[in-house]
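All remarks here apply to the structure that follows.
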Amino acid sequence: MSGVNLRRIGIGMLGYAFMGKAHSHAWKDIPIFFWPPPAVPDLVVIYGRTEKKVKEAALRYGYKRFTTNWREVVKDPEVEIIDNCLPNHLHKDPTIEAMEEGKHVVVEKPLARNAEEAKEILDVYRRSEVKAMVAFNYRFVPAVMLAKKLIDEGFLGRIYHFRARYLQDWLIDPSFPLVWRLQKEIAGSGPLGDLGSHIVDLARYLIGEPKKVTGMMKTFIEERPLPHDPSRKGKVTVEDAFVATIEFENGAIGTLEATRFATGRKNYNNFEINGEKGSIEFNLERLNELKVYWHEEPIKDIEGWHTILVTEGHHPYIKYYWPSGHIIGWEHTFINELYHFLDAVVNDKDIGPQGATIEDGYRNMVILDAIAESAKRGLAIEIRY
Ligand SMILES: NC(=O)c1ccc[n+]([C@@H]2O[C@H](COP(=O)([O-])OP(=O)(O)OC[C@H]3O[C@@H](n4cnc5c(N)ncnc54)[C@H](OP(=O)(O)O)[C@@H]3O)[C@@H](O)[C@H]2O)c1
């Protein structure tokens with residue numbers, strides 16, 4: 001019809017809930033916004049343990065098939081890309097088996113429950129010929145990409161400080177149940193892996209490699225009702241909050257903090273960077289904006305923090321969406337991210353440095369483990385990959 005001959009590529013989705021929905025939506029939106037796309041994603045098969053729910057998800061998102069056995073997705077001959085949106089304890093085996101089957105893989109963060117598991121994934125990845133990406137979607141926020149550009153092009157000069165906080169409050173109620181995110185054997189850690197992984201990734205993406213870290217972790221509520229039997233309680237086996245300090249190879253220093261107990265903070269992923277020529281601040285709850293401050297403001301009378309609305313066509317990814325000034329949302333971070341991945345798969349491009357590679361995911365886990373070890377031993381820990 002249009003004369004465009006489009007390749008189609010089969011997607012196998014693991015998980016249908018929070019991230020399964022965000023990623024399915026993104027795959028569907030790619031050809032709507034990125035035209036012509038590198039290929040048209042075909043939603044082939046989706047997995048979850050609960051038949052009724054995964055069947056409904058297949059219908060709702062538009063998958064041809066559903067299954068309650070993840071190996072069927074990994075082995076499906078129609079599937080070229082495995083999208084792993086399962087809880088953290090199910091990142092390693094399906095990801096490794098998919099790579100061994102020669103499938104390309106995008107896997108949600110954190111890459112695994114700990115650095116040891118992440119290293120196993122990295123080793124298999126290195127032996128394979130597939131493309132693989134860890135889904136650190138905040139690298140794909142246009143305002144965050146602008147922050148990176150300002151740093152990389154020297155507009156901030158020497159960087160002194162990186163200060164990041166990822167704050168939520170969904171655990172304030174002690175009767176909130178013991179969901180998988182509160183169980184170490186499934187999640188690996190609490191907000192350290194869940195939220196801290198994002199800000200550690202942003203620290204490496206924006207500032208560079210860390211040299212050493214210190215950490216402190218705390219569990220405020222030790223027991224919670226079991227999800228399927230609220231009359232009984234089970235032990236919370238992860239931390240509820242962490243704080244950390246970080247020293248970078250380039251001499252900058254920083255602080256990192258994440259919690260699910262910051263009353264009033266819903267999804268407050270915030271960083272401030274101070275350099276010799278200026279500062280920048282980002283807050284995910286205002287994701288279309290970047291705040292900047294120039295130490296040598298050309299017009300003295302307007303010296304102060306300025307808010308840049310990052311919605312013009314010259315800003316990254318914006319030209320694919322709406323006309324000038326029309327804001328984008330959180331779901332667009334996944335569309336940008338999966339477009340980047342699809343382009344890398346189809347046109348044999350690199351995942352990094354824009355996307356997070358499996359090596360990035362492994363390094364991220366080494367840093368998270370070091371923060372946890374520091375919290376346990378009360379010592380600063382040197383980062384060794
Ligand atoms: N990038 C981001 O911004 C972001 C945001 C949220 C989460 N994540 C990451 O995405 C991954 C998935 O998180 P989510 O929030 O999507 O989780 P979720 O909403 O709880 O969904 C988990 C999915 O996995 C399936 N599942 C299979 N085995 C399971 C098990 N043993 N326990 C629990 N669920 C199981 C569930 O269906 P059944 O119960 O029917 O099996 C469900 O479809 C995690 O690694 C998380 O860290 C990333």
Exercise. Does the side-chain contact (heavy atoms from CB on, under 4.5 Å) test come out yes or no for Glu100 and Ser128, once each step is laid out?
Worked result: CA-CA 7 Å; Glu100 286 172 344; Ser128 78; over 6 Å; no
For this session: Take Glu359 and Tyr125 through the test side-chain hydrogen bond (donor to acceptor under 3.5 Å, both in side chains) and record every step on the way to the result.
Result: CA-CA 9 Å; Glu359 176 81 40; Tyr125 167 70; over 6 Å; no
Problem set entry | Test side-chain contact (heavy atoms from CB on, under 4.5 Å) applied to Phe242 and Leu256, step by step | CA-CA 8 Å; Phe242 86 91; Leu256 309 170; 4.1 Å; yes
For this session: Go through Val236 and Glu222 one step at a time and tell me if the side-chain contact (heavy atoms from CB on, under 4.5 Å) criterion holds.
Result: CA-CA 5 Å; Val236 173; Glu222 306 273 351; 5.7 Å; no
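A salt bridge is defined here as a Lys NZ or Arg NE, NH1 or NH2 lying under 4.0 Å from an Asp or Glu carboxylate O, and Glu56 with Arg60 fails to meet this definition. Comment: Arg139 engages Asp201 in a salt bridge, judged by a side-chain N to carboxylate O separation of less than 4.0 angstrom. Using a 4.0 Å cut-off between a side-chain N of Lys or Arg and a carboxylate O of Asp or Glu, Lys319 and Glu312 do not qualify as a salt bridge. Ion pairing between a basic and an acidic side chain is recognised when a charged N comes within 4.0 Å of a carboxylate O; Asp76 and Lys103 show no such pairing. Ion pairing of Asp169 with Arg265 is absent here, as no side-chain N (NZ or NE/NH1/NH2) approaches a carboxylate O to less than 4.0 Å. No salt bridge links Asp123 with Arg127; every basic N to acidic carboxylate O contact stays at or beyond 4.0 Å. Between Arg163 and Glu272, at least one side-chain N (NZ, or NE/NH1/NH2) sits under 4.0 Å from a carboxylate O, which counts as a salt bridge. A salt bridge is defined here as a Lys NZ or Arg NE, NH1 or NH2 lying under 4.0 Å from an Asp or Glu carboxylate O, and Glu303 with Lys300 meets this definition. Between Arg232 and Asp229 a salt bridge is recorded (basic side-chain N to carboxylate O distance below 4.0 Å). At a threshold of 4.0 Å, the pair Lys211-Glu249 does not count as salt-bridged, since none of the basic side-chain nitrogens sits closer than that to a carboxylate oxygen. Residues Lys92 and Glu120 are paired through a salt bridge, judged by an N-O separation under 4.0 Å between the basic side chain and the carboxylate. Note on Glu209 versus Arg204: salt bridge recorded, some NZ/NE/NH1/NH2 to OD/OE distance being below 4.0 Å. With respect to Glu285 and Lys266, no salt bridge is recorded, no charged nitrogen being found less than 4.0 Å from a carboxylate O. Lys75 has no carboxylate O lying under 4.0 Å from a charged side-chain N of Glu97, or vice versa, which leaves the two without a salt bridge. Salt-bridge formation is detected for the pair Arg181/Asp194: a Lys NZ or Arg NE/NH1/NH2 atom is positioned less than 4.0 Å from an Asp or Glu carboxylate oxygen.
Note that the CD1 atom of Ile11 and the CD1 atom of Ile81 stand 4.0 Å from one another [nearest 0.5 Å]. With rounding to the nearest 0.5 Å, the separation of CD1 in Ile302 from CH2 in Trp294 is 12.0 Å. Between the CD atom in Glu80 and the CZ atom in Arg8 there is a gap of 12.5 Å [rounded to 0.5 Å]. Note that the CZ atom of Arg113 and the CE atom of Met365 stand 10.0 Å from one another [nearest 0.5 Å]. Of the inter-residue distances, the one linking Lys291 atom NZ with Trp305 atom CH2 reads 8.5 Å to the nearest 0.5 angstrom. To the nearest 0.5 Å, atoms CG (Asn288) and OG1 (Thr311) are separated by 6.5 Å.
If you chain together hydrophobic residues whose side chains sit under 4.5 Å apart, Leu202 and Val243 never meet in one group. One hydrophobic cluster, built from ILVMFWY side chains closer than 4.5 Å, holds both Ile32 and Tyr61. One hydrophobic cluster, built from ILVMFWY side chains closer than 4.5 Å, cannot hold both Tyr160 and Leu150; they sit in different ones. Note: the hydrophobic cluster containing Phe18 also contains Phe136 (ILVMFWY, side chain heavy atoms under 4.5 Å, direct or indirect links). Trp170 and Ile199 fall into different hydrophobic clusters, where Ile, Leu, Val, Met, Phe, Trp and Tyr residues are linked whenever their side-chain heavy atoms come under 4.5 Å apart, directly or through other members.
With a 4.5 Å cut-off on side-chain heavy atoms, Ile9 and Leu342 count as touching.
Between Tyr138 and His198, the ring planes are tilted. Angles from 30° to 60° get that label.
Of all heavy-atom pairs spanning Leu182 and Pro177, the tightest one is CD1-O, 3.7 Å. Closest approach of Cys85 and Met13 over heavy atoms only: SG-SD, 3.9 Å. Taking both residues in full, the closest heavy atoms of Ala187 and Asn88 are given as O-ND2, 2.9 Å, listed atom of the first, atom of the second, then distance. Across Ile273 and Phe162, no two heavy atoms sit closer than the pair CG1-CD1, 3.6 Å. Annotation for Glu281 and Leu290: closest pair O-CD1, 3.5 Å, computed over non-hydrogen atoms. Nearest approach of Phe282 to Glu289, heavy atoms of both residues: CD1-O, 3.8 Å.
With a 6.0 Å radius and a threshold of 12 heavy atoms from other residues, nucleotides or ligands, Lys148 has its NZ atom above the threshold. Dense packing is recorded around CG of Leu379, with more than 12 heavy atoms of other residues, nucleotides or ligands lying under 6.0 Å away.
With hydrogens and angles left out, the side-chain atoms of His23 and Glu108 include a donor and acceptor closer than 3.5 Å. Judged purely by distance below 3.5 Å, without hydrogens or angles, the side chains of Ser279 and Asn274 pair a donor atom with an acceptor atom. Donor-acceptor pairing under 3.5 Å is recorded for the side chains of Glu297 and His306. Asn270 and Tyr166 are not linked by any side-chain donor-acceptor pair at a separation below 3.5 angstrom, with hydrogens and angles left out of the test. When only modelled atom types and interatomic distance are considered, Tyr321 and Asn336 share a side-chain donor-acceptor pair under 3.5 Å.
Of the residues listed (Trp322, Phe334, Tyr320, Tyr339), the one engaging Phe33 in a ring pair (Phe, Tyr, Trp, His ring centres under 6.0 Å) is Trp322, and it is the only one.
Residues His340 and Phe140 place their aromatic rings such that the two centres sit under 6.0 Å apart.
Geometrically, Lys131 does not engage Phe341 in a cation-pi contact, judged by NZ or CZ lying under 6.0 Å from the ring centre and within 45° of the ring axis.
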